[in-house]
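Computation of the quantities below employed the complete heavy-atom set of this structure, encompassing side-chain atoms and omitting hydrogens, waters and symmetry-equivalent molecules. For reference, positions follow the sequence shown, starting with 1. Order of listing sets the numbers, starting from 1, for every ligand and every atom in it.
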Amino acid sequence: MPESTLKQTLKQKIDAFRPRTQRLNKDFAEVVIDKVTIGQAIGGARDVHCLVTDISYLDPQEGIRFRGRTIPETFAALPKVPGGEQPYVEGFFYFLLTGDIPTPQQAEEVAAEWRARGALPPYVLNVLRALAPDTHPMTMLSAGVLAMQRESVFARRYGEGTLKKNDQWDPMYEDAMTLAARLPALAASIYRMKYKGGSFITPSPDLDWGGNFARMMGIARPYDEVMRMYFILHSDHESGNVSAHATHLVASTLSDAYYSLSAGLNGLAGPLHGLANQEVLAWIHHVLQKMEGRLPTAEQLKQFLWETLNAGQVVPGYGHAVLRKTDPRFTALNEFARKHMPKDPLFQFVNLMYEVAPTVLTQHGKTKNPWPNVDAHSGVIQVHYGVTEEDFYTVLFGVGRALGVLANIVWDRGLGYALERPKSVTIEMLEKWASEGGRKA
Ligand code: AMX
C-alpha cells in the first residue's frame, strides 16, 4: 500500500516532537511538578500530574478539548461526509493523530484505506461463536480484538529483532489503522450475532466508516449520522481515564495494539466507567416499571434517587473523577436530541433527571461533581434509533474510545515513552510518614 498523507504527516510531527521530550527528560527530569499526598496514593492517584498526551486535555470546568479545540469547534472544523451534517470519523482520526484539520480529500483517503483494511477475518467470527451465548458483548469485543493479535505487524517486526526504538511507532500505526478499520465490522457482527440471529450485512465500498457501521448494524439513516457524532464524542478524554490508561500501561511494555486495546476495553467494561451507559438505561427502566410506564413527576423522581442513594448505590451517569460541571459531551448529545427527537419520552426523562438529580446529589453531599456525564444521555438516543439492547451500549463506547487510545499509543511509541512502573509503599510506611508530618527526603 503506498504511504498515505496521514502517515507522512504523522512521521514529520513525531520527528519534530521527539527532541522536545528528550530535552525535558535529560535536562529537566528533577523539576518538581507535583507533590503526591497520602490521599492520592490510596485514592486512585486523583490529580497526580504524571501522564503526558498532546491529543486531548480535560479541563474540570470546561471539559474536553481535542488537540486544543472544544467539541463544537472540532465538529465545525472537520470535513463533513457528503449529504450529511456530521464529520468523517476518518477525518477526526487524522486530526487526533496529527493535530491538523484534514482536507476532505485527506479524510476520504483514510476512508479508502480503512475500507481496504476493514474486512473482519472469518476466524474472528469463529472465536465469537465459540463463546457461551450469554457472554457479555464487551467480552466479545475484547476477545475479538485479542483474537486478531496474531496479525500484529508490531509483534512480528519486534520479534525479527531489527526494529529501532525511533521506528516503533510505524508498525504500531499499521496495527492501529487495521484495528480501527475493522472495529465497525467486529462490533456490528457482535450485535447481529447476539440479537439478530447471526444474519450479517456486508459493508458497502461506497460508504465511510460511520455509514458502513450503521449499514452493518442494519439500521437506516440517520443512524449513520448519530454514530459519526457518537464515536467522535466518545473517542478521547485525555489519558488518565481507565480505558486510556490501561491501554497506555499495557502498550508501555511494548505489547502491541491488539493486546493493549483489549486491556483498555476490559477497563471500559466496569460500571464506574463505560458500563455506566448500560446502567443508566437499567435505572430508567426500573423507575418506569415502578411507575407502570408513566413518566415520574420531579417529586417522584427525587424519591427514586434517594432510594438508590440510601441503598448505598451510585446514581449512574452522574459524577466524574475530573469534571466539575456538566459534561460537554452530555450537552452535545442533548442538543442533538432536542433537534431530532424532542418528543421522545426517554429524552424527557433525561431532562427531568438533569433538573432534579444535581440538587439531590448535592444534598447527599458525597460526590464532588453532581452534574451528568456522557453516559447519562447516550443510551436514550440509541433506544430512539432502535438499539434497545442496553448491554450493547458499552461496545459502542468502546469503538469510539478505540480511536483515542490507538492514537495515543502510536504517539507513545513515537516519543519512546517509558515502561510505566509507579512505586508502591506499605501502609506501615504511610503511617510513619503521617505521624512525622510527611516523608523526609
Ligand atoms: N451517585 C452517588 N454517589 C456518588 C456518585 C453518584 N453518581 N458519584 C460519586 N459518588 C460518591 C462516590 O462513590 C464517593 O463515595 P465514597 O466516599 O463513599 O467512596 C464520593 O461520592 C466521592 O466521589 P468523587 O470523588 O466525587 O468521584 P470519584 O472520582 O471517586 O468517582 C465516578 C467518579 C464517575 C466513578 C463516580 O462519580 C460515579 O460512580 N458515578 C456514577 C457512575 C458513572 O456515571 N460512571 C461514568 C463516568 C464517566 C465514564 O467514565 N464513562
Can you tell me the protein heavy atom closest to atom 6 (C) of ligand 1 and the distance? V315 N, 3.6 Å
Run down the list K368, R329, H237, R46 and name the one with the heavy atom closest to atom 25 (O) of ligand 1. K368
Any chance the side chains of H136 and Q278 put a donor and an acceptor closer than 3.5 Å? yes
Nearest 0.5 Å, please: how far is CG in L265 from OG in S260? 11.0 Å
Tell me if the aromatic rings of H320 and H237 count as close, with their centers under 6.0 Å from one another. yes
Do the numbers put R439 on top of the ring of W433, so that NZ or CZ is under 6.0 Å from the six-membered ring centre and no more than 45° off the axis? yes
Flag the pair W371 / F330 as yes when their ring centroid distance falls below 6.0 Å, and as no otherwise. no
When rounded to the nearest 0.5 Å, the distance separating CD of Q86 from CD1 of I232 is 7.0 Å
Check if L361 has a non-hydrogen atom at a distance under 4.0 Å from any atom of ligand 1. yes
Looking only at non-hydrogen atoms, which of T367, L268, L309 approaches atom 2 (C) of ligand 1 most closely? L309
Please report whether atom 14 (C) of ligand 1 has a protein non-hydrogen atom at a separation of less than 4.0 Å. no
Taking only non-hydrogen atoms of G317 and a 4.0 Å limit, the atoms of ligand 1 in range are 43 (C), 44 (O)
Work out whether the distance between some heavy atom of N373 and some atom of ligand 1 is less than 4.0 Å. yes
Rounded to the nearest 0.5 Å, what separation is found between the CG atom of N408 and the CD atom of E238? 10.0 Å
Give the residue, atom name and distance (to 0.1 Å) of the protein heavy atom nearest atom 50 (O) of ligand 1. H273 ND1, 2.6 Å
Any protein heavy atom < 4.0 Å from atom 19 (O) of ligand 1: no
Interatomic distance, OG1@T394 vs NE2@H234, rounded to 0.5 Å, equals 9.0 Å
For atom 51 (N) of ligand 1, the closest protein heavy atom turns out to be D375 OD2, 2.6 Å
Rounded distance (nearest 0.5 Å) linking atom CG of L261 with atom CD1 of I409: 7.0 Å
Using a strict cut-off of 4.0 Å, indicate which atoms of ligand 1 neighbour a heavy atom of F397. 51 (N)
Under 4.0 Å from atom 46 (C) of ligand 1, is there at least one protein heavy atom? yes
protein heavy-atom neighbour closest to atom 7 (N) of ligand 1 works out as Y318 O, 2.7 Å
Close-contact set for ligand 1 against A276 heavy atoms, below 4.0 Å: 43 (C), 44 (O), 45 (N), 46 (C)
Is the shortest distance from atom 32 (C) of ligand 1 to a protein heavy atom below 4.0 Å? no
Between W209 and F231, is the gap from one ring center to the other below 6.0 Å? yes
Pick from H364, K366, H320, E279: the one approaching atom 27 (O) of ligand 1 most closely through a non-hydrogen atom: H320
the protein heavy atom lying closest to atom 3 (N) of ligand 1 turns out to be V314 CG1, 3.9 Å
